[in-house]
Structures are given as C-alpha cells and as structure tokens.
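Here is the structure we will look at, set down as structure tokens.
Start at 1 and go down the list; that is how both ligands and their atoms are numbered. These numbers were taken from a predicted model, which means no experiment stands behind them. One is the number of the first residue; the rest follow in order along the sequence. Basis for what follows: all heavy atoms, side chains included, without hydrogens, waters or symmetry-related copies.
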Amino acid sequence: MDALPEFEVVQPSTLDEAIALRGRHPESSLLGGGTDLIVNIRRGIVAPSMLIELNRVSELRVIKADARTLEVGSSVKVADLAAHPDVEQHYPVVAQAAKLIAGPTHRNMGTVGGNICLDTRCIYYNQSEWWRGANHHCLKTTGEICHVAPKSRGVCFATYSGDLAPALLTLAAEIDLIGPLGKRTIPLSGLYIGYARQDQPITESTGDGKYYLSLRPGEFVAAVRARNTSGLRSAYEKVRIRRSIEYPVAGVAVALRRDGDKLIDLRVAITGTNPRPVLLDGTAEICDRPLDDRTFQRLDDLVRDQVMAMKTTFTPGHYRRRVASVLVRRVVERLFAA
Ligand SMILES: Cc1cc2nc3c(=O)[nH]c(=O)nc-3n(C[C@H](O)[C@H](O)[C@H](O)COP(=O)(O)OP(=O)(O)OC[C@H]3O[C@@H](n4cnc5c(N)ncnc54)[C@H](O)[C@@H]3O)c2cc1C
Ligand code: SF4
C-alpha cells in the first residue's frame, strides 16, 4: 500500500471560517468523510497540501424533512440520511439511494457533499501511481492521451458513479453553493457538466470526465433542497458486481405520478454510465397516456440515445447501457403498479 504524502488538515467550526479558509487556500481540497478523497491521495492521483474538513460546521449538518420539503446539509452523513424516518417516508428515492452507497462503514463516514461531488472514475485512473505510470498516465492526470478513446482529442470520458445525484435529480433538487464571492443557488442538474462532447470547448457549463462540476474557484456545496409533489411515487435501484459494497454498474432513479390508467408525470435519472448523472430528456412526451409497450419502447430509445457508456469500468459500455435500460423498465413498471 502507498504511504500518504504530507498534508495539513484544518477543521473550521463555522461556515464563515470555512469560507475564509477556502478563499485563502485555493489549492486546498474539501474533506467530508474522505472515503473517496483519501483513497485518491493515497494513490497519488491528487496531492493537496491542505484539507479543509467540513464536518464540524454545524450549519452544514442539518437535515430538515417533512411532507413538503427536504433540505440536507453537505456534512450530513450518508447513513443518517438513509435512516431518517421522514426521508424514508416522503423521499423514498433518496433514502433508497443512500442505503445502497458503498458499505456500512463508508456510509457512516461518507457525507452528502462528498457523494454529490464524487470524483469521476475510470479503470485507467483509479489505480496506483506505479500502475498509471506504467501506462504513461492519461489526460485526466498528467498524461497526454485518453486510453479509453485514444482519438478523443483531449476529452476524458471517466464515469460519474454517485448514487444520490440521480435520486435528487428526479426531485428537481436545487443546490446551495458558497464561496468567497457569496452564495448562489442553482438547479442540481447545473452542477454536473460532464458532457464529454468533442466539438465543444470546456466552459463553466460544458465539461467532461475531468471537468465534471460547475463549481467556481473556492466554492463548495452547502446544502441540497427538494420539494415534494403530491402523489409522487419514487424509487432507486442499482446493479453492482458485489452486492454488499460497490459502485453501480448502472443506477436508476425514477419518480412518477399516475392518474387512473395514465402516466401523468415521469422523471428518470441514471448514474454509472456517463461523465455526469443523466436526467433523461424527453420523458414528458411519453406521459398523459397509459403505460404500455409503446412507452417502454420509447424509454429504451431515450436511454439508448442519452446513455454514453464507455469502457471505463470492468464491465463493457454496451452492457452498462443495457443494464440501465432494464432497470428503467423494471422500476417504472413497479412504481406504476404500486
Ligand atoms: C469500496 C468503495 C465503494 C464505494 N461505493 C460507492 C457506491 O456504491 N456509491 C457511491 O455513490 N459512492 C461509493 N463510494 C464512494 C464514497 O464512499 C461515497 O461516495 C461517499 O459518500 C463520499 O463521501 P465522502 O464524504 O467520504 O467524500 P470525500 O472523500 O470526503 O470527498 C469526495 C470529493 O468531494 C469533495 N467534497 C467533499 N465535500 C464537498 C463539499 N461540501 N463541496 C464540494 N466538494 C466537496 C472532496 O474534495 C472530494 O473531491 C465507494 C467508495 C469505496 C472506497
Ligand atoms: S476516460 Fe481516458 S482520460 Fe479519462 S480517466 Fe479514463 S483513460 Fe483517463
């Protein structure tokens, strides 16, 4: 196992202190539970000289949940979110996604902010220094080419694999971002910019597997908020290689409403496939009609067109897309019948 390099850990106890520290040390990294970041530091993937641990900031540790609204601070532990009775009752998609993150010890340490901002993953990236060195690194770190798509002209396709984001996207969640220049609130969908399009330059709203979040310098996630909709049914399912502890091969969140025989509202979000969690475009057009084979055919088409799984994990891309399709069909069918 590689030894950890030297770094300083600072532990602000107020939000103002955290903002000031972040402003003064732009080269720092934010630390939640460290279940992703410390692994990456140990592997020599990143080497921040300072970690700003946010877990002592009480303003960031709040969960407010009732039948109308959900608000979760970024330092809330994943295990606490998963077990919160009002989250389980009113926002089942969120509680179910939280329960399926990693293993019990990771959920006890891991935070909502860390999960939302989880680094993208790839078989050529989540490796030790010597392994990556033997492959001349890749362009997500210090190398010159992408081993997954050598002709990608500078684009990285590493995969976003967090479980909470798709669940929150189906609830049209918003996110509070705080930084040295103040606070702003954006739709959660606006945080994820991993489009991996070769014909578009990297900007604040269009990135790839390397530039996958729209955070501005010094900014961090303070909280995520969502509203409930009367009659909304929601659920999350994922397929993983080891069922007790594993990132998703694909994970699918669904929120829908039914009126009699008709599907009147449908939101589907997918993780583990693209450099961002994908909120499927086009689901509104298949609503206001009964759920039948035509609906499922259309859903298959939407997944096929928008899921761009590459060989960035141990399972082939086309298999992950197929898994996503099957999960979408399965969860929609189950929720509609419930
Ligand atoms: C074996 C194993 C299996 C795993 N399986 C899963 C899985 O199935 N599903 C899954 O989703 N995850 C999985 N993970 C990853 C991880 O455990 C979880 O995603 C966890 O919730 C990350 O939270 P954390 O607080 O530990 O993040 P950290 O490691 O502390 O941080 C992760 C990233 O987010 C940044 N960050 C942290 N807080 C903030 C903030 N408030 N604002 C902005 N940036 C911030 C950090 O700087 C870092 O870049 C797994 C990890 C391991 C080791
Ligand atoms: S997709 Fe390509 S550039 Fe990105 S981490 Fe994998 S090999 Fe590296």
- request: Provide, to 0.1 Å, the distance between atom 19 (O) of ligand 1 and the closest protein heavy atom, together with that atom's residue and name.
  value: Asn115 ND2, 2.9 Å

field: Ile245 N/O to ligand 1 N/O under 3.5 Å
entry: no

Residue part near ligand 1, for Val78, under 4.0 Å between non-hydrogen atoms: side chain

query: Using 4.0 Å as the upper bound for N to carboxylate O, is an ion pair formed by Asp163 and Arg240?
result: no

- line: Closest to atom 52 (C) of ligand 1 (heavy atoms only, candidates His106, Arg240, Met109, Glu219) is His106

message: Below 3.5 Å, N or O to N or O, backbone or side chain included: is there any such pair between Thr111 and ligand 1?
response: yes

field: Nitrogen or oxygen atoms of Lys238 and ligand 1 under 3.5 Å apart
entry: yes

statement: protein heavy-atom neighbour closest to atom 2 (Fe) of ligand 2 works out as Cys146 SG, 2.3 Å

query: When you look for heavy atoms under 4.0 Å from ligand 1, do you find them on the side chain of Ser161, its backbone, both, or neither?
result: backbone

task: Look at ligand 2 and say whether Gly209 reaches it with a heavy atom at a distance under 4.0 Å.
output: no

- line: Rounded to the nearest 0.5 angstrom, the CD-OG1 distance for Glu174 and Thr185 is 6.5 Å

query: At a non-hydrogen distance cut-off of under 4.0 Å, which region of Ile116 contacts ligand 1 (side chain, backbone, both, or neither)?
result: neither

message: Both conditions, 6.0 Å and 45 degrees, for the charged tip of Arg121 above the ring of Tyr247: are they met here?
response: yes

- prompt: Which of the numbered atoms in ligand 2 are below 4.0 angstrom from a heavy atom of Cys138?
  reply: 3 (S), 5 (S), 7 (S), 8 (Fe)

- line: The answer for which part of Leu164 has a heavy atom under 4.0 Å from ligand 1 is neither

- prompt: Applying the 4.5 Å side-chain criterion to the ILVMFWY set and letting contacts propagate, would Leu280 and Ile286 be lumped into a single cluster?
  reply: yes

query: Does the gap between the ring centers of Tyr192 and Tyr160 come in under 6.0 Å?
result: yes

message: When you measure from the side chain of Asn115 to the backbone of Leu164, do you find a donor-acceptor pair of N or O atoms at a distance under 3.5 Å?
response: yes

task: Please indicate whether any nitrogen or oxygen in Ile38 is less than 3.5 Å from any nitrogen or oxygen in ligand 1.
output: no

- prompt: Can you check whether Arg242 has an N/O within less than 3.5 Å of an N/O in ligand 1?
  reply: no

message: Looking only at distances, can you tell me whether any N or O atom of Leu30, backbone or side chain, sits closer than 3.5 Å to an N or O atom of ligand 1?
response: yes

2.8 Å cut-off met by an N, O or S atom of Cys122 to atom 6 (Fe) of ligand 2: yes

field: Within-shell test, Ile101 vs ligand 1, heavy atom, strictly < 4.0 Å
entry: yes

query: Which atoms form the tightest heavy-atom contact between Arg321 and Val307, and what is the distance?
result: NH1-O, 3.4 Å

query: Just distances here: any N/O of Val39 and N/O of ligand 1 closer than 3.5 Å?
result: no

task: Pick out which of Tyr125, Phe157, Trp131, Tyr124 makes a ring-ring contact (aromatic ring centres under 6.0 Å, His included) with His147.
output: Tyr124

statement: A student comparing Val221, Ile52, Asp119 should find that the heavy atom closest to atom 40 (C) of ligand 1 comes from Val221

query: Can you tell which part of Ser74 has a heavy atom less than 4.0 Å from ligand 1: side chain, backbone, both or neither?
result: side chain

- line: Filtering Gly114, Gly272, Pro166 for the heavy atom nearest atom 38 (N) of ligand 1 leaves Gly114

statement: The side-chain contact (heavy atoms from CB on, under 4.5 Å) partner of Val252 among Leu327, Val326, Thr170 is Leu327

query: Would you call Asp300-Arg329 a salt bridge at under 4.0 Å N-O?
result: yes

query: Between atom OG1 of Thr271 and atom CZ of Arg276, what is the distance when rounded to the nearest 0.5 Å?
result: 11.0 Å

